[in-house]
A.B. asks: 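A single structure is presented below for examination.
Residues: numbered from 1 along the sequence shown.
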Amino acid sequence: MSEEPAARPKESPPAPRAAPREVWKKGGRLLSVLLAVNVLLLACTLISGGAFNKVAVYDTDVFALLTAMMLLATLWILFYLLRTVRRPDAVPYRDKHAGPIWLRGGLVLFGICTLVMDVFKTGYYSSFFECQSAIKILHPLTQAVFVIVQTYFLWVSAKDCIHIHLDLTRCGLMFTLTTNLAIWMAAVVDESVHQAHSHSNASHSRLAPDPERVASGVGGDCPCDTAICQIFQQGYFYLYPFNIEYSLFASTMLYVMWKNVGRLLASSTRGHSHTPSQVGLFRETFFAGPILGLMLLVVGLAVFIIYEVQMSGEGGHTQQALVIYYSFNIVCLGLMTLVSLSGSIIYRFDRRAMDHHKNPTRTLDVALLMGAALGQYAISYYSIVAVVVGMPRDLLGGLNLAHALLMIAQHTFQNVFIIESLHRGPPGAEPHRSPPKEPSLTFANLDALHTLPSCPPAPRLVGPSAAGPQEAVAIILTSRGHWRRRCLKDISLFLLLCNIILWIMPAFGARPHFSNKVEVDFYGYSLWAAIVNICLPFGIFYRMHAVSSLLEVYVLS
């Protein structure tokens, strides 16, 4: 009896040891955030300065900074993999919500495309290496190594809740996140400058008389006049969207890892996870959502090709191309709005409990959905003001106004549907309620069936002879819940496929904002170009992040 009181004081010291770690968690986070903010501001200054010809910041300066950041981040990742996680009790917990397989799969896919882009960039700069700085060839090679190391690191360590080297790990994760944001920013500026040059006239050539001002810095002394050079040049510009999405995917996963540094998980939280059943992609659906979504995806690709061909032509096909483009988008956005609204209505009849557990991954997903949607909101409201105040009396003005209004509605209802879906518990998670002490009227009616010889026996309704009335009601509720889940899966797949085509169009060069002269004439080219180039990258990111969230909604429905 004397050994038990002696054993209890020995078990109490771990709580005081964990307390200082929790007390200083905010201090460690503050240090890492300050480091990230300063590095990111430095990168923003150089990248934005290099986008203008009149600023004495050269593309070699930008490449040198990005190369140094990628090398430092790679060294820290190797230290983490070879030293930190190999320490005893380094990772006592793993967050089951972090780094789901579809997010890591998307990271690998975009990483492979980024490696192909680096090959194209290396071949492009090597075509005239005699008049180029060595840093322009070293940069894509360094980025290829960084992508390989980081992809492996996030694949194996995305779920880690590290508990040693806390401040060093936080700073390393934030620095790596900042590196990805700097790469994303450089790619966005490159693509925006390239698109602005291709859509602007000679009077607006101050921004980028050379399409590769930031990306290549190629001047008149280094002409790209060979066929292989032009193939490399066009190839890596078309691969920029994948590089952009890779950087953003990696940034979100690194942020969740940063939030999980030093995190203590209770046993109930560790055991609580949504474990989806391993079913086929289109099983347990009505097939209406996937079929309609695939049809819109194929039609959207055809519309995009027609738009690009007619916009690159010589003559008066601009009006026709814009009418086709806006008409397809209006139909697609209208259907997505109705489907998202129907999904929210179905949730009004859903009996699943809400999941209130702490989940940094879900919190980040919701914040990114709401924040990224602001970019498209801003463009839409600027378009609405230009159309209403400018009062264009033509078909294109009406289509532009309808497109802007539906874009706002679609983002709003889709966000409501996705956020509510992410907060639902897994299938079978019913709200907590006290069990009934007496059989309900339905149970009494089922028992009364035994006394009626003309009625079928109860086992035919209930199932096995050992099953009781509660099992019968469970079967009825399960069938109803199964019908709702099939509808939700159809809705998720339909929205997923529609978001893919709405990502493809702007990501690969569709810019009706400049071809449609309503906003350009109303705001002026310089202001409208600044609005589009700042807000549109967030709208493009919203589409791909919505695809990732909808895939999670589909799996967990």
Side-chain angles (χ1 to χ4, degrees), residues 21 24-44 46-47 62-95 98-99 103-104 107-108 110-111 114-115 118 135 138-186 243 246-263 360 364:
R21 181 177 300 172
W24 288 103
K25 177 183 289 186
K26 292 184 178 180
R29 288 181 174 179
L30 178 62
L31 176 64
S32 61
V33 169
L34 290 175
L35 171 66
V37 168
N38 283 275
V39 175
L40 187 60
L41 288 177
L42 175 61
C44 288
L46 288 178
I47 293 171
V62 177
F63 286 139
L65 175 65
L66 294 178
T67 301
M69 293 177 66
M70 288 187 290
L71 287 175
L72 290 175
T74 302
L75 290 176
W76 174 80
I77 291 174
L78 293 176
F79 174 81
Y80 180 91
L81 293 174
L82 300 177
R83 180 66 176 172
T84 301
V85 296
R86 296 191 177 187
R87 293 281 298 273
D89 299 328
V91 187
Y93 311 104
R94 289 178 66 84
D95 185 2
L103 187 61
R104 288 181 290 163
L107 184 77
V108 172
F110 292 133
T114 300
L115 293 177
D118 291 329
I135 192 65
L138 182 61
H139 172 261
L141 296 176
T142 305
Q143 181 170 267
V145 175
F146 172 71
V147 168
I148 294 173
V149 174
Q150 180 178 247
T151 303
Y152 174 77
F153 162 67
L154 292 175
W155 184 271
V156 300
S157 304
K159 300 178 181 293
D160 289 356
C161 296
I162 197 73
H163 275 254
I164 64 170
H165 301 163
L166 297 180
D167 292 337
L168 177 62
T169 302
R170 288 193 181 100
C171 291
L173 287 170
M174 266 296 167
F175 184 81
T176 309
L177 188 153
T178 304
T179 302
N180 283 278
L181 290 180
I183 296 172
W184 167 76
M185 191 180 311
N243 182 29
Y246 174 83
S247 299
L248 293 175
F249 270 49
S251 298
T252 57
M253 297 176 70
L254 288 165
Y255 175 80
V256 174
M257 287 188 66
W258 177 77
K259 290 286 290 184
N260 283 332
V261 173
R263 184 183 176 193
L364 178 62

A.B. asks: Measure the CZ-CD1 distance between F175 and I77 for me, rounded to the nearest 0.5 Å.
C.D. replies: 10.5 Å
A.B. asks: Any heavy-atom pair between the side chains of W155 and L107 that's under 4.5 Å?
C.D. replies: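 Heavy-atom side-chain distance check fails, nothing below 4.5 Å.
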A.B. asks: Report yes if some heavy atom in the side chain of M253 is under 4.5 Å from a heavy atom in the side chain of F153; otherwise report no.
C.D. replies: no
A.B. asks: Evaluate the side-chain contact (heavy atoms from CB on, under 4.5 Å) criterion for residues L65 and M69: first the C-alpha distance (whole Å), next the side-chain angles of each, then the deciding distance (0.1 Å), finally the verdict.
C.D. replies: CA-CA 6 Å; L65 175 65; M69 293 177 66; 4.0 Å; yes
A.B. asks: Could you tell me if the side chain of Q150 sits less than 4.5 Å from the side chain of T179, heavy atoms only?
C.D. replies: no
A.B. asks: Compare all side-chain heavy atoms of F146 with those of L66 and state whether any distance is below 4.5 angstrom.
C.D. replies: no
A.B. asks: If you apply the rule ring-ring contact (aromatic ring centres under 6.0 Å, His included), what do you find for W258 with Y255, and how did you get there?
C.D. replies: CA-CA 5 Å; W258 177 77; Y255 175 80; 5.7 Å; yes
A.B. asks: When you measure from the side chain of R170 to the backbone of V261, do you find a donor-acceptor pair of N or O atoms at a distance under 3.5 Å?
C.D. replies: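 Such a contact is found between R170 side chain and V261 backbone.
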A.B. asks: State the CG-CG distance between N260 and D95, to the nearest 0.5 angstrom.
C.D. replies: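 One gets 4.5 Å once the value is rounded to the nearest 0.5 Å.
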A.B. asks: From T151 OG1 over to F249 CZ, what is the distance, rounded to the nearest 0.5 angstrom?
C.D. replies: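 With rounding to 0.5 Å, OG1 (T151) is 12.5 Å from CZ (F249).
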A.B. asks: Can you tell me if OH on Y152 sees more than 12 non-hydrogen neighbours from other groups inside 6.0 Å?
C.D. replies: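 For Y152, atom OH is not crowded (no more than 12 foreign heavy atoms under 6.0 Å).
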A.B. asks: Below 4.5 Å, heavy atoms only, C-beta onward: do V39 and M174 meet side chain to side chain?
C.D. replies: no
A.B. asks: Starting at CE of M257, measure out to CG of L177 and round the result to the nearest 0.5 Å.
C.D. replies: 11.0 Å
A.B. asks: Counting C-beta onward and ignoring hydrogens, is there a side-chain heavy-atom pair between V145 and L141 closer than 4.5 Å?
C.D. replies: no
A.B. asks: Just wondering, do V156 and L81 contact through their side chains at under 4.5 Å, heavy atoms?
C.D. replies: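 In short, these two side chains touch, coming nearer than 4.5 Å.
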A.B. asks: Has the side chain of Y80 got a donor or acceptor atom that lies under 3.5 Å from a matching backbone atom of S157?
C.D. replies: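 Not at all, since once roles are kept as given, no pair shorter than 3.5 Å links the two residues.
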A.B. asks: May I ask you to check whether H165 and R83 show a side-chain donor-acceptor distance below 3.5 Å?
C.D. replies: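 No donor-acceptor contact under 3.5 Å links the two side chains.
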A.B. asks: Evaluate the side-chain proximity of L30 to L34: yes if any heavy-atom separation is below 4.5 Å, no if none is.
C.D. replies: yes
